[in-house]
J.: 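There's a structure below that I have some questions on.
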Amino acid sequence: MYSFNFNESPISNDVDALMCFGKVRGLLKGASAGLPVAQRGYLVTDEDDDINVIVEDTDFSNVVCRPDAPIGKGNNLPRGRDVEVTEILSFLKEIRKICKDAVLLVLKSPSVEAVGRYIPRYAVDGGAMVIVHKGSNVTYEYVGAGFDVGDITRGKTVHSRVEVPWDLRNDKEASIFWQTKLLGGREDISHAGYVVSRQERINELQNKFNFDEVLLQKHISRQRPSLTLNTFRCLNRVVQPVLHSGVDFGNHYGIMMNIYESHPYVFELWLPSRSSL
């Protein structure tokens, strides 16, 4: 088992070993750009790992486990889930049946990291995948309240898509927002499409996480969500510093994040090599 802490310098002597794992690599890249990512965590790599150090870590009473694997091997792994600390090893055994090289990235619940308290999946304020094509465009893909960035990355749905030409990326946000509409660079889901998307999300949360349908119906809006200027500004608190960080992430990368009470939280910096090497 490995541990890491981005508040320490050096982070770890094991960083090179950790870079072979796709999600861990994306987390480390995000930290290098100063993004609001998890500041510390654990990587559980063996079913015989002694996890008492996690059990005794009072900051990790609410954890999310993100299945990971060496780059190119983890395409069929399930998405992350909130678990009790004592359930970590049983979850590892479960994913090892799918990929024998699978590991678990153990982090504090993202809402705890972002705002200091636990917020269930159905109460998240939305998610976004911002895709950067240097010299071409920056595309904002957004899903509304009750949905998260995993819905985008797994190809389930996008509620609003805004494509900003590269030459406009540094303009004032209100100007960017308006000009993309004029240039036809915005696409919103239809009302009928959202009705289907919403029901699929409710079904998933019920079936996989046993959330009460009354709570889901209450928190996941019946009104079609749309990327507003205020939310666009919220996302840009993360995006603009990355574009100007001076760190070279290549010509094509993505920023995966959720929004908790107007606080963007980055899961990782997605790189094409995450699944292709």
Side-chain angles (χ1 to χ4, degrees), residues 22-37 66 68 71-72 74-75 79-80 110 124-144 147-173 175-189 193 197 225-259 263-277:
K23 292 176 184 176
V24 176
R25 185 182 187 194
L27 179 63
L28 291 168
K29 290 287 187 180
S32 73
L35 299 184
V37 298
R66 301 190 67 205
D68 203 358
I71 295 171
N75 295 336
R79 65 184 310 191
V124 63
D125 288 340
M129 176 73 159
V130 181
I131 306 164
V132 177
H133 289 275
K134 277 190 178 178
S136 178
N137 57 61
V138 181
T139 301
Y140 297 71
E141 295 186 337
Y142 166 78
V143 287
F147 294 76
D148 60 44
V149 65
D151 293 295
I152 301 172
T153 58
R154 291 178 297 145
K156 284 186 168 289
T157 190
V158 174
H159 297 154
S160 290
R161 181 181 286 107
V162 174
E163 184 177 298
V164 178
W166 188 252
D167 292 342
L168 295 181
R169 72 192 185 282
N170 295 326
D171 288 3
K172 290 184 177 180
E173 288 161 325
S175 175
I176 293 172
F177 206 66
W178 178 248
Q179 288 193 64
T180 52
K181 287 186 176 183
L182 291 178
L183 295 170
R186 180 179 179 123
E187 179 184 352
D188 290 311
I189 194 170
S197 169
S226 181
L227 180 61
T228 65
L229 177 57
N230 282 340
T231 302
F232 186 70
R233 284 173 169 155
C234 174
L235 300 177
N236 264 341
R237 294 207 302 268
V238 169
V239 175
Q240 289 300 323
V242 175
L243 294 178
H244 302 288
S245 69
V247 181
D248 184 11
F249 299 115
N251 293 324
H252 177 208
Y253 58 90
I255 307 168
M256 299 168 53
M257 59 185 130
N258 277 351
I259 305 169
H263 289 77
Y265 174 90
V266 175
F267 284 88
E268 63 179 277
L269 197 73
W270 176 88
L271 302 168
S273 59
R274 184 181 188 274
S275 56
S276 61
L277 293 182

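These numbers were taken from a predicted model, which means no experiment stands behind them.
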J.: If you apply the rule side-chain contact (heavy atoms from CB on, under 4.5 Å), what do you find for Val162 with Thr139, and how did you get there?
T.: CA-CA 6 Å; Val162 174; Thr139 301; over 6 Å; no

J.: Does some side-chain heavy atom of Tyr142 sit less than 4.5 Å from a side-chain heavy atom of Met129?
T.: no

J.: Kindly write out the residues that satisfy ring pair (Phe, Tyr, Trp, His ring centres under 6.0 Å) with Tyr265, not counting sequence neighbours, or none if the list is empty.
T.: Phe267

J.: Below 4.5 Å, heavy atoms only, C-beta onward: do Lys29 and Leu271 meet side chain to side chain?
T.: yes

J.: Taking the side chain as everything from C-beta on, heavy atoms only, tell me whether Thr153 gets closer than 4.5 Å to Met256.
T.: yes

J.: Side chain to side chain donor-acceptor pair (under 3.5 Å) with Thr228: which residues, sequence neighbours excluded?
T.: Thr231

J.: So, does His159 use its side chain to make a donor-acceptor pair with the main chain of Gly144 at under 3.5 Å?
T.: yes

J.: Could I get the full list of side chain to side chain donor-acceptor pair (under 3.5 Å) partners for Ser226, not counting sequence neighbours?
T.: Arg186

J.: Quick one: are Glu268 and Val37 in side-chain contact, heavy atoms under 4.5 Å?
T.: no

J.: Any chance CH2 of Trp178 has more than 12 other-residue heavy atoms, nucleotides or ligands included, within less than 6.0 Å?
T.: no

J.: In chain order, what residues pass the side chain to side chain donor-acceptor pair (under 3.5 Å) check against Asp148, with sequence neighbours excluded?
T.: Arg79, Arg201

J.: Quick one, Ile189 and Val158 - any side-chain contact, counting heavy atoms below 4.5 Å?
T.: no

J.: Where does the angle between the aromatic ring planes of Phe177 and Phe232 fall among parallel (under 30°), tilted (30 to 60°) and perpendicular (over 60°)?
T.: tilted

J.: Applying side-chain contact (heavy atoms from CB on, under 4.5 Å), run through Lys134 and Asp248 and close with a yes or a no.
T.: CA-CA 11 Å; Lys134 277 190 178 178; Asp248 184 11; 3.7 Å; yes

J.: Show me the side-chain donor-acceptor pairs of residues 233-244 shorter than 3.5 Å, one per line, residues at least two apart or across chains.
T.:
{"from": "Asn236", "atom 1": "OD1", "to": "Tyr140", "atom 2": "OH", "distance (Å)": "2.6"}
{"from": "Asn236", "atom 1": "ND2", "to": "Glu173", "atom 2": "OE2", "distance (Å)": "3.4"}
{"from": "Arg237", "atom 1": "NH2", "to": "Ser262", "atom 2": "O", "distance (Å)": "2.6"}
{"from": "Gln240", "atom 1": "OE1", "to": "His244", "atom 2": "NE2", "distance (Å)": "3.3"}
{"from": "Gln240", "atom 1": "NE2", "to": "Arg169", "atom 2": "O", "distance (Å)": "3.0"}
{"from": "His244", "atom 1": "NE2", "to": "Asn170", "atom 2": "OD1", "distance (Å)": "2.9"}

J.: Does Asp151 form a side-chain hydrogen bond (donor to acceptor under 3.5 Å, both in side chains) with Thr157? I'd like the steps, not just the answer.
T.: CA-CA 6 Å; Asp151 293 295; Thr157 190; over 6 Å; no

J.: Are Leu168 and Gln179 side-chain neighbours, meaning at least one heavy-atom pair lies under 4.5 Å?
T.: yes

J.: When rounded to the nearest 0.5 angstrom, what distance separates CD in Glu141 from CZ in Arg161?
T.: 4.0 Å

J.: Donor-acceptor check, side chain of Ser197 to backbone of Gly193, threshold 3.5 angstrom: yes or no?
T.: no

J.: Using only atom types and a distance under 3.5 Å, with no angle test, would you say the side chain of Asn258 pairs donor to acceptor with the backbone of Val266?
T.: no

J.: Counting C-beta onward and ignoring hydrogens, is there a side-chain heavy-atom pair between Asn137 and Val164 closer than 4.5 Å?
T.: no

J.: Working to the nearest 0.5 angstrom, can you tell me the gap between Phe249 CZ and Ser32 OG?
T.: 4.0 Å

J.: Can you name the side chain to side chain donor-acceptor pair (under 3.5 Å) partners of Asp125, sequence neighbours left out?
T.: none

J.: Between Met257 and Val149, is there a side-chain heavy-atom distance shorter than 4.5 Å?
T.: no

